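Structure first, then comments.
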Amino acid sequence: RLNTFYSTPAVKFLMRLMTHLMLMGLHFTSIVNTVHPRDFDGGEVSYEPRFLEVLLAIWSVSIFIDQRYQDAWRLEHNVSQSRSGWWVVWIVVTTLYMAAYILRIVSWVNEEHDAYVGYQVVLSLNFVLTTICILPFLAILQSFGVLVVTMENMVTDVFLWGGLFVVIV
């Protein structure tokens, strides 16, 4: 009976929404609690990862594994591979996570300030994309549904014109 309860669409939707909000909260807290190594007052600079950074890294790895699992399941069950634009955004988010953690490992091993700043910039950009990924959850509300579809079309147009601009210039 418990499995039936958790497999209903409304419960799945709420679980995904709560999980996404927890990810955003963890991401935001991790960014806010980063300490710039140059802010230490004459003390020893520490580039060791903090607990929130490790927790966010574990969460992002689990997102990556879950996406690969979903892809394998779709291939195994011959489910259409057509994807929404949100899937592409999650691929970019996962790629940015990997780039951020490569920079973080470089800053930790080499005690390099520029790599640490690069890590913070990429992580902040990733937070913006993760925040944008809340829009599909808002589509369930009737007043936001049209707005979400309009924003999806606008983002598609921006990327199309951006690509065209790059090709022409």
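Basis for what follows: all heavy atoms, side chains included, without hydrogens, waters or symmetry-related copies. Keep in mind it's a predicted model, so treat the numbers as computed, not measured.
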Next item on the list: Take N126 and V92 through the test side chain to side chain contact (heavy atoms under 4.5 Å, CB included) and record every step on the way to the result.
Entry: CA-CA 8 Å; N126 208 0; V92 172; over 6 Å; no
Note to self: Tell me whether F51 shares a hydrophobic cluster with Y116, the cluster being built from Ile, Leu, Val, Met, Phe, Trp, Tyr side chains joined at under 4.5 Å.
What the structure shows: yes
Check: Roughly how far, to the nearest 0.5 Å, is the OG atom of S62 from the CD1 atom of I58?
Finding: 9.0 Å
Next item on the list: Report yes or no: do L26 and V61 belong to one cluster of Ile/Leu/Val/Met/Phe/Trp/Tyr joined by side chain heavy-atom distances under 4.5 Å?
Entry: no
Next item on the list: Kindly give the heavy-atom pair with the smallest separation between T130 and H20, and that separation in Å.
Entry: O-NE2, 2.9 Å
Checklist line | Between OG on residue S124 and CG on residue L129, distance to nearest 0.5 Å | finding: 11.5 Å
Item checked: Heavy-atom closest contact (V122 atom, L96 atom, distance) -> CG1-O, 3.3 Å
Margin query: Is there a path of hydrophobic side-chain contacts, each under 4.5 Å between heavy atoms of I/L/V/M/F/W/Y residues, joining F64 to W59?
Written below: no
Notebook entry, point to check: CG/L14 to OG1/T19 distance, rounded to the nearest 0.5 angstrom?
Noted result: 10.5 Å
Next item on the list: With rounding to the nearest 0.5 Å, note down the distance linking CE in M22 to OG1 in T29.
Entry: 12.0 Å
Notebook entry, point to check: Parallel, tilted or perpendicular for Y97 and Y101, by the 30°/60° rule?
Noted result: parallel
Notebook entry, point to check: How close do V106 and A115 get, heavy atom to heavy atom, and via which atoms?
Noted result: CG1-CB, 3.9 Å
Checklist line | Transitive ILVMFWY side-chain link Y119 to L55, under 4.5 Å | finding: yes
Check: Hey, does L103 have a side-chain heavy atom less than 4.5 Å from the side chain of V121?
Finding: no
Next item on the list: Determine the minimum heavy-atom distance between I134 and M24, stating which atoms define it.
Entry: CD1-SD, 4.0 Å
Checklist line | Single-linkage hydrophobic cluster L52~L21, side-chain heavy atoms < 4.5 angstrom | finding: yes
Item checked: Between CH2 on residue W108 and CD on residue E53, distance to nearest 0.5 Å -> 10.5 Å
Item checked: Minimum side-chain heavy-atom gap L56-L123 below 4.5 Å -> yes
Next item on the list: Classify the side-chain pair S107/R104 by whether it contains a donor and acceptor separated by less than 3.5 Å.
Entry: yes
